[in-house]
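As the structure is a prediction and not an experimental result, all values here were calculated from the model. FYI, the numbering just counts along the sequence from 1. Every number for a ligand or one of its atoms is a count from 1 in the order of the listing.
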Amino acid sequence: MGFVITVDGPAGAGKGTLARRLARHFGYAHLDTGKLYRVVGLAVLRGGGAPADPAAAERAARALDAGAIAAGALDEAELASERVAGAASKVSAVPGVRAALLDFQRNFAARPPDGAAGAVLDGRDAGTVVCPGAPAKLFLDASPDVRAARRHKELLARGEVSIYARVLADIRARDERDRNREVAPLRPAADACVIDTSDLDPDDVLARALAHIAGRTAS
Ligand code: C5P
């Protein structure tokens, strides 16, 4: 098993940016685990089902296999929409959905694609459930207003219609579901390095993460 770095935290905390930069820095493979839940949410929506319906959600999760992922299921542009994010946050509370996606994530960490020497997994429970033994764990957080402002800017930059108050309400609703669900609730692992990114730029966040990882590597 190569070196594994986990990056968890709520929406808009900067996980994706940090995880991509860490993967580039070390030459590791990167898995955005949120995309797995988004694919499941999108599949339920497309099938005309309700994301909060456990049976429909679990069926969609079981249908998602490594072959579909390798064929580009995680690359669809529609996965980035707020509608799909909301659906993802609902299907992700279903225990059977989480169980169905666990093996793929653990295999990715244990045997990263393309012979990479390590993996960076970002999500909500990468450090607590998927890879509790990972040597380096980061947990990013930021105030809801800062996270909503970042997300709003991102949506506008993509040419989408976005209303700040609506984005903030969606972020709060997702936080509430992610933190309070019974299975794998969003929380930092006991040995995670917690970074509040509210007043930091991506370079500062990367520097702090690298300092943590260097310490972990040495131990
Ligand atoms: O990170 P992203 O915004 O793409 O995640 C979408 C939703 O998927 C989150 O709101 C969360 O409910 C769920 N998720 C999860 N566990 C993960 C990653 C994402 O429950 N490891």
Side-chain angles (χ1 to χ4, degrees), residues 4-20 23 30-45 50-52 54 57-58 60-61 64 69 73-109 119-132 134 137-142 144 146-148 150-155 158 160 162 167-189 192 197:
V4 178
I5 302 170
T6 61
V7 183
D8 290 312
K15 301 182 302 287
T17 302
L18 176 64
R20 276 190 298 277
H30 170 221
L31 177 64
D32 171 355
T33 65
K35 281 204 177 161
L36 299 171
Y37 293 93
R38 285 174 183 255
V39 169
V40 174
L42 179 58
V44 173
L45 292 176
E58 196 171 330
L64 178 68
I69 293 168
L74 305 187
D75 300 327
E76 281 204 54
E78 206 181 334
L79 295 180
S81 74
E82 288 302 275
R83 176 169 162 264
V84 174
S89 123
K90 288 177 186 151
V91 299
S92 71
V94 177
V97 169
R98 306 203 71 85
L101 301 181
L102 202 50
D103 277 356
F104 177 82
Q105 298 174 78
R106 287 193 174 147
N107 283 337
F108 187 100
V120 184
L121 277 76
D122 81 79
R124 303 291 187 290
D125 63 342
T128 50
V129 174
V130 181
C131 299
K137 297 175 187 162
L138 288 312
F139 187 94
L140 305 190
D141 209 346
V146 167
R147 293 187 286 118
R150 286 177 186 158
R151 185 72 190 144
H152 177 58
K153 212 172 127 190
E154 216 176 274
L155 290 168
R158 278 213 306 264
E160 288 185 34
S162 178
V167 176
L168 179 60
D170 284 350
I171 284 221
R172 286 192 195 278
R174 275 214 277 158
D175 280 2
E176 170 81 14
R177 277 196 294 269
D178 290 352
R179 291 187 207 271
N180 296 319
R181 68 184 172 215
E182 280 181 20
V183 204
L186 173 66
R187 61 174 175 79
T197 68

_Whether the T197 and R150 side chains hold a donor-acceptor pair (N or O, under 3.5 Å, no angle test) is what I'd like checked._
yes
| message | Under 3.5 Å, is there a donor on one side chain and an acceptor on the other for S89 and R177? | response | yes
Here the gap from R179 atom CZ to R124 atom CZ, rounded to the nearest 0.5 Å, amounts to 9.5 Å
To the nearest 0.5 Å, atom CG of L140 lies from atom CZ of R147 at 11.0 Å
Whether D170 and R151 form a salt bridge (side-chain N of Lys/Arg under 4.0 Å from carboxylate O of Asp/Glu) is what I want to check.
no
*Ion pair D32/R38, N-O distance below 4.0 Å*: no
For ligand 1 and [X], I'd like to know whether there is a polar contact (N/O to N/O, distance under 3.5 Å).
| X | answer |
| --- | --- |
| R124 | yes |
| Q105 | no |
| D178 | yes |
| D125 | yes |

Non-hydrogen atoms of [X] and [Y] that approach each other most closely:
| X | Y | result |
| --- | --- | --- |
| H30 | A23 | CB-CB, 3.8 Å |
| D122 | T33 | O-OG1, 2.7 Å |
| P132 | T128 | CB-O, 3.8 Å |

By number and element, which atoms of ligand 1 are closer than 4.0 Å to a non-hydrogen atom of [X]?
| X | value |
| --- | --- |
| S89 | 10 (O), 12 (O) |
| R38 | 2 (P), 3 (O), 4 (O), 6 (C) |
| G123 | 18 (C), 21 (N) |
| A88 | 6 (C), 7 (C), 8 (O) |
| S92 | 11 (C), 12 (O), 13 (C), 20 (O) |

Given that the side chain starts at C-beta and the backbone is N, CA, C, O, which of these parts of [X] lies under 4.0 Å from ligand 1, counting heavy atoms, or is it both or neither?
| X | value |
| --- | --- |
| R174 | side chain |
| R98 | side chain |
| A11 | neither |

Considering residues, nucleotides and ligands other than R83, do more than 12 of their heavy atoms fall under 6.0 Å from its CZ? no
If you scan protein heavy atoms around atom 8 (O) of ligand 1, the nearest is Y37 CB, 3.6 Å
In this structure, atom 19 (C) of ligand 1 is nearest to the protein heavy atom G34 CA, 3.5 Å
| request: Take every heavy atom of R181, measure it against each atom of ligand 1, and state whether any distance is under 4.0 Å. | output: yes
